[in-house]
Amino acid sequence: MSNFNVAKFGGTSVANFEAMSRCAAIVENNPETKLVVSSACSGVTNLLVALANGVQDQQQRSDILTQLAEIHDAILNQLNDPTHAASEVYSLLDTVTSLAEAASIQASNKLTDHLVACGELMSTHILTQLMIERGINAVRFDIRDVLRTDSHFGRAEPDVAAIRELASDTLLPLCREHVVVTQGFIGSDEEGNTTTLGRGGSDYSAALIAEAVQASGLEIWTDVPGIYTTDPRIAPNAAPIAEISFSEASEMANFGAKILHPSTLVPALRHDIPVFVGSSKAPEQGGTWIRHQVESSPLFRALALRNNQTMVTLRSAKMFHAYGFLAKVFEILAKHKVSVDLITTSEISVSLTLDQTGTSGGAPSLPQAAREELEELCSVKVEHNLSVVALIGNNMSESKGYAKQVFGTLEDFNLRMICYGASQHNLCFLLRESEAKQAIQKLHVELFER
Ligand code: ADP
Ligand code: ASP
Ligand code: MG
């Protein structure tokens with residue numbers, strides 16, 4: 001299909017009846033939108049995660065279940081004919097109840113994925129019915145029939161080739177006749193077990209599905225009118241960016257800008273699908289276009305923040321003018337499947353941060369066995385409660401003069417590590433978590449507000 005748009009709506013965009021109605025209006029306004037990917041209603045995934053972690057207290061469990069029922073009931077009650085959607089939602093709530101009981105006895109990643117997936121399964125029943133009632137030829141589709149992943153519960157990896165094949169067999173034909181409403185975040189492995197792509201994963205789902213159906217556009221509808229120069233909750237004068245390149249936006253997502261799941265742009269880039277980010281509350285305000293080619297490539301584009309960083313510092317006099325030391329360090333890290341994110345070295349020490357992938361956002365830790373092996377080689381210091389702030393821009397390592405501006409602004413901060421030079425697009429540094437927001441605020445004023 002040539003003009004084929006995929007629209008993804010995040011949790012706040014489907015939080016209640018009014019919000020869902022705005023999503024429907026956005027779909028109505030673009031006849032090219034054939035596929036809608038929806039998150040769970042705002043707050044629902046957090047409640048389901050709490051249950052999946054195994055709430056022992058029966059009363060607490062039933063309170064959470066009541067909250068879940070209330071969120072969905074409030075929307076169901078405003079539908080003209082809630083019968084079908086309500087019976088599906090209640091039967092999913094029954095599933096949630098029994099899975100929550102099982103989790104209180106023994107929690108597992110597999111069970112968690114099954115449980116948290118119920119959020120998206122419920123919201124899409126309601127959204128489909130709401131769209132039908134507005135006259136949209138909508139049909140609900142269970143994306144687990146297409147979005148094939150491995151069995152890494154909690155952060156499953158998609159099987160792109162399988163997804164494409166399954167999509168062309170089942171999903172694409174349906175999109176020719178209908179507006180298909182489906183779930184973000186969830187998938188299934190080869191055995192049919194429900195999996196999830198990690199928190200915030202609906203963006204990634206939407207991009208994977210857009211790639212599989214060879215869509216010509218992907219819209220990410222959220223609660224802000226585009227990608228801002230930094231998180232507007234941190235810097236009140238942050239401003240939306242009209243156009244940004246894939247490389248810059250990928251760096252932002254990688255360095256923690258919550259607006260996009262870090263992997264979102266990978267499928268879009270593979271298929272050169274332009275991505276639009278806008279606010280479902282105010283679509284008329286426009287948003288950000290992420291494209292291959294952009295008109296301007298400013299030196300400074302944005303600031304991103306990632307908390308919960310773990311820094312490991314390894315020190316040994318043996319490193320002095322010796323060869324093979326770093327190779328040994330990385331051999332040990334690789335053996336224990338420790339993935340490294342940032343790294344800096346000096347004559348006798350090396351500092352690195354641990355990759356957060358697979359930690360569901362918490363601080364990654366250095367496995368004890370890895371630590372013991374490293375200690376045979378050198379001294380090992382592990383520090384937590386750190387944040388990485390990334391300054392995203394263009395041609396940074398080829399430009400002169402701005403380091404003074406950046407580091408002058410940060411003179412009162414204790415920078416623990418600075419990474420610069422490997423990428424044209426970022427300069428990033430590590431500092432105490434308690435100071436990170438303030439560092440962003442100061443940098444934003446200096447680099448983006450003057
Ligand atoms: P959704 O539920 O729609 O996926 P998210 O809460 O995951 O929405 O992402 C949107 C939020 O991302 C915004 O409300 C904003 O606070 C945050 N955010 C972080 N960095 C940025 C940025 N650079 N530009 C815009 N929003 C950002
Ligand atoms: N509902 C999931 C979450 O809250 C996925 C998403 O919204 O992107 O993480
Ligand atoms: Mg999100």
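Since we're looking at a predicted model, the values are computed, not measured. Both counts, for ligands and for their atoms, begin at 1 and track the order of listing.
Summary of contacts: the protein heavy atom closest to atom 27 (C) of ligand 1 is Ile259 CB, 3.7 Å. Protein heavy atom nearest atom 11 (C) of ligand 1, with residue, atom name and distance: Asp223 OD1, 3.9 Å. The nearest protein atom to atom 15 (C) of ligand 1, hydrogens excluded, is given as Asp231 OD1, 3.5 Å; this is a heavy-atom distance. Taking atom 1 (P) of ligand 1 as the reference point, the nearest protein heavy-atom neighbour is Thr222 OG1, 3.6 Å. With respect to atom 23 (N) of ligand 1, the closest heavy atom belonging to the protein is Tyr228 O, 3.1 Å.
Under a 4.0 Å heavy-atom criterion, Arg301 is not in contact with ligand 1. At least one heavy atom of Gly226 sits less than 4.0 Å from an atom of ligand 1. Contact annotation: Gly119 has no heavy atom less than 4.0 Å from any atom of ligand 2. Residue-ligand proximity: His261 is placed with every non-hydrogen atom at 4.0 Å or more from ligand 1. Residue-ligand proximity: Gly11 is placed with every non-hydrogen atom at 4.0 Å or more from ligand 2. Under a 4.0 angstrom heavy-atom cut-off, Pro232 registers as being in contact with ligand 1.
Using a distance-only test at 3.5 Å, with no hydrogens or angles considered, a donor-acceptor pair links the side chain of Asp203 to the main chain of His261. Judged purely by atom type and a 3.5 angstrom limit, Tyr402 uses its side chain to pair as donor or acceptor with the backbone of Met396. Between the Asn16 side chain and the Ala19 main chain, a donor and an acceptor come within less than 3.5 Å of each other. Under the 3.5 Å distance criterion, the side-chain polar atoms of Asp150 are left unmatched by any main-chain donor or acceptor of Ala156. One N or O on the side chain of Thr353 and one on the backbone of Leu342 form a donor-acceptor pair closer than 3.5 Å. Under the 3.5 Å distance criterion, the side-chain polar atoms of Ser38 are left unmatched by any main-chain donor or acceptor of Thr124. Here the side chain of Ser13 pairs no donor or acceptor atom with the backbone of Ser280 at under 3.5 angstrom.
Those atoms of ligand 2 with a heavy atom of Ser39 less than 4.0 angstrom away are 6 (C), 7 (O), 8 (O). Interface atoms of ligand 1 facing Ile227, defined by a heavy-atom separation under 4.0 Å, are 24 (N). Interface of Met252 with ligand 1, defined as ligand atoms under 4.0 Å from a residue heavy atom, comprises 23 (N). Below 4.0 Å from some heavy atom of Gly201 lie the following atoms of ligand 2, by number and element: 5 (C), 8 (O). Distances below 4.0 Å separate heavy atoms of Lys8 from the following atoms of ligand 1: 4 (O). Residue Gly200 has at least one heavy-atom neighbour below 4.0 Å for each of these atoms of ligand 2: 3 (C), 5 (C), 6 (C), 8 (O), 9 (O).
Residue Ser202 places at least one N or O, backbone or side chain, under 3.5 Å from an N or O of ligand 2. Residue contacts with ligand 2: Gly198 is placed with no nitrogen or oxygen under 3.5 Å of a nitrogen or oxygen of the ligand (distance criterion only). For ligand 1, the polar-atom distance check finds an N/O of Lys258 within less than 3.5 Å of one of the ligand's N/O atoms. For a threshold of 3.5 Å applied to N or O pairs, the pair formed by Gly11 and ligand 1 contains at least one separation below that value.
With hydrogens and angles left out, the side-chain atoms of Arg144 and Thr194 include a donor and acceptor closer than 3.5 Å. Side-chain contact of Ser188 with Arg148: a donor-acceptor pair under 3.5 Å is present, judged by distance alone. Residues Asp63 and Gln59 have side chains that bring a donor and an acceptor to within less than 3.5 angstrom of each other.
Contacts with ligand 2 closer than 4.0 Å are made by no heavy atom of His261, backbone or side chain. Residue contacts with ligand 1, taken as heavy atom pairs separated by less than 4.0 Å, do not involve Thr229 at all.
For the residue pair Ala212 and Ile163, the shortest heavy atom distance occurs at CB-CG2, 3.8 Å. In this structure, Ser205 and Leu197 approach most closely via the heavy-atom pair OG-CD1, 3.4 Å.
The distance from the NE2 atom of His84 to the CD1 atom of Ile132 is 8.0 Å, given to the nearest 0.5 Å. Atom CD of residue Glu449 and atom OG1 of residue Thr229 lie 7.5 Å apart, to the nearest 0.5 angstrom.
The closest heavy-atom contact to atom 9 (O) of ligand 2, among the options Arg199, Glu120, Gln183, comes from Arg199.
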